[in-house]
Amino acid sequence: MSINANEIPLSVILADLSVRTGVQVEIDPQMNPSVTVNFENQSIEKGLANILGQLNHIIEWEKNSERKGELVPSVIKIFKPSDSNRQVRWSGIIDFDFDNSKGFYTVKNELLVRIPSIIDEKRLEELLLSYSAVIVEKDEASLVYRIRFPDGTDLDSIIDRLSRNPLIRSAEFNQGYQVNSPYRYLSNQSIPERLNLSALDNRGVSVAVLDSGLADGNVPAEFLAASLDALSSGRPLLDPLGHGTQMALVASGIIAPIAKGQYPETNVPVVAIRAVDQNGFTTSFAVMKSIEFALSQNARVLSLSWGSSHPSEFIREALQKADNMGLIVVASAGNNPTGTPIYPAAFKSVIAIGALFPDGRPWDMSNYGDFVDVSLPGFAQMPVGYQSDPGIYAGTSISTAFGANLIADFLMKNPGASKRQIITYLKSAVQGNTP
């Protein structure tokens, strides 16, 4: 193991470990301290000891037939020193099964294919049968199918072959995206929660928050325009991660960021969509389903606080369609200042948003580059934690959700505003509140 982490949530480190190695991790989600550690080429036993600190753990091993019976780790169980290892209450650090060998996340053994509208679905099934593949799901609106192939299939070769087949319009990996994990700040100064629960005046304007869901009891019923669990249809909306609830609170205007000056504080209804799993990951297919739902609910603004450095053509097309239908899409630039474009924020149809310190200075962890359209306040006192306790959180996720709220307010007053006018308004709002 090799790792260089500075105040990174334990859940993020374990999620990455699970994705890279295929090892199952079992841990209580309440145990999510920030980890600062730096080491190279350590054994998994020693590396875990450095990462976990005072937490206890057990590694279960199994024989790997591909490595001539070599013992390899299969399960890691993590628990408090006071707990028995049988008291683990939550299993599976990754809901989706990802591969990261290409430098970006893809769902293992899965492809997405789009068909022409006139195709006979039975012909598609016959084609897939020749690859021993099966249809898992279909998105009716986009005519995109989620296809699963047997273990060991060369998906790069399959994409090339399918793309040249007249039955297939296009094919690509079912890509994975990770939530921009917020930073939690500890402060001796008590900053009260700024709750705004004034009467709704939406004038037909709502914000769709495509994230990890919404925890019950945090947003009043009248603020919830609609909801969907895109990961498990028909299930009541929950939020095991906490991130989606945080974003809904900001996008609705219930929570205002910490900022000098005076920004509009307007309550708007939200369309809460769970497309992100309990560990902060979503997929292209889940995103496409969610965008279609936002459009069906006539949302005017769509807030996206996750991303990848690798663009997806399917997502680009879905967001361009949404833009053509008048949906204003905002996305976070990322909480890693690399200057590398992050998608979907870097797509032309999307307004990319960075983060500011409360005093108006650029936040030092906010990503930057020509693709970023505007930066907004990115600190907020949250009554709900991100896999942790309530407190002061920071990130481009917060500034993006706040941007969605500001845009909704602007559209109420200027229903025919263009995207260019909206970006100009956001920049002027910042300039009017920066010393």
Side-chain angles (χ1 to χ4, degrees), residues 11-25 66 92-115 128 131-139 142-165 168-181 210-212 230-232 274-291 304-319 331 334 336 338 340-347:
S11 63
V12 174
I13 295 173
L14 294 178
D16 187 67
L17 172 66
S18 182
V19 167
R20 291 177 183 275
T21 65
V23 177
Q24 179 183 349
V25 179
E66 296 179 0
I93 204 67
I94 291 291
D95 284 350
F96 298 111
D97 192 9
F98 287 113
D99 175 31
N100 195 31
S101 61
K102 298 181 179 300
F104 60 95
Y105 292 111
T106 61
V107 180
K108 285 185 178 179
N109 302 321
E110 287 192 5
L111 294 179
L112 302 181
V113 300
R114 175 175 281 128
I115 64 172
L128 295 175
Y131 297 103
S132 299
V134 296
I135 297 172
V136 180
E137 286 183 274
K138 175 186 177 182
D139 181 42
S142 61
L143 295 177
V144 170
Y145 289 78
R146 178 182 163 208
I147 311 298
R148 183 167 296 150
F149 293 79
D151 288 342
T153 301
D154 182 357
L155 294 184
D156 287 291
S157 173
I158 298 295
I159 287 178
D160 181 62
R161 291 159 66 183
L162 289 178
S163 298
R164 289 185 279 108
N165 191 298
I168 305 297
R169 179 180 156 195
S170 53
E172 69 173 44
F173 290 99
N174 189 11
Q175 189 169 323
Y177 307 84
Q178 191 169 12
V179 157
N180 296 312
S181 300
L210 200 167
D211 213 283
S212 62
L231 304 183
S232 180
R274 181 176 181 248
V276 174
D277 73 5
Q278 62 189 359
N279 308 295
F281 286 85
T282 186
T283 68
S284 292
F285 192 82
V287 169
M288 286 189 288
K289 286 173 58 179
S290 302
I291 293 172
L304 311 175
S305 292
W306 40 265
S308 168
S309 59
H310 187 269
S312 158
E313 182 62 17
F314 279 23
I315 296 301
R316 187 198 67 78
E317 291 178 357
L319 291 174
N336 192 7
T338 63
T340 301
I342 296 297
Y343 299 89
F347 287 131

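Keep in mind the model is a prediction, meaning the values are calculated, not measured.
Heavy atoms only, all atoms of each residue included: V144 and F285 are closest at O-CE1, 3.6 Å. The minimum heavy-atom distance between F149 and T153, with the atom names listed, is CB-OG1, 3.7 Å. Across every non-hydrogen atom of Y177 and W306, the tightest pair is CB-CE3, 3.6 Å. Looking at every heavy atom in both residues, M288 comes nearest to A318 through CG-CB, 4.2 Å. S308 and G176 get closest at one heavy-atom pair: CB-O, 4.2 Å. Of all heavy-atom pairs between L231 and A286, the closest is CD2-CB, 3.9 Å.
Between the CD atom in Q24 and the CG atom in D97 there is a gap of 11.0 Å [rounded to 0.5 Å]. The distance from the CG atom of D139 to the OG atom of S284 is 12.0 Å, given to the nearest 0.5 Å. The structure places NZ of K108 at 12.5 Å from CZ of R148, a figure rounded to the nearest 0.5 Å. Taking CD of Q178 as the start and OG1 of T282 as the end, the distance is 11.5 Å to the nearest 0.5 Å. In this structure, CG on D154 lies 7.0 Å from CD1 on I158, to the nearest 0.5 angstrom. Residue I135 holds its CD1 atom at 5.5 Å from CG of L128, rounded to the nearest 0.5 Å.
Judged purely by atom type and a 3.5 angstrom limit, D99 uses its side chain to pair as donor or acceptor with the backbone of S101. Judged by distance alone, the side chain of N174 and the main-chain N or O of R146 form no donor-acceptor pair under 3.5 Å. Of the possible polar contacts, one joining the R114 side chain to the S142 backbone as a donor-acceptor pair under 3.5 Å is found. With Q175 contributing its side chain and H310 its backbone, the two residues share a donor-acceptor pair below 3.5 Å.
Taking the side chain as every heavy atom from C-beta outward, I315 and F347 approach each other to under 4.5 Å. Put simply, the side chain of V287 does not reach to within 4.5 Å of the side chain of L304, judged on heavy atoms. A 4.5 Å side-chain heavy-atom check between S312 and Y343 finds every atom pair outside the cut-off. Using a 4.5 Å heavy-atom threshold, the side chains of Y105 and T283 count as separate.
Ring geometry, F98 versus F281: the interplanar angle falls from 30° to 60°, so the pair is classed tilted.
Side-chain contact of S170 with E313: a donor-acceptor pair under 3.5 Å is absent, judged by distance alone.
Screening V113, L112, N109 for a side-chain contact (heavy atoms from CB on, under 4.5 Å) involving I147 leaves a single residue, V113.
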Practice task
Output, in order, the C-alpha distance, side-chain angles, deciding distance and verdict of side chain to side chain contact (heavy atoms under 4.5 Å, CB included) for K102 and D156.
Solution key: CA-CA 11 Å; K102 298 181 179 300; D156 287 291; 2.6 Å; yes
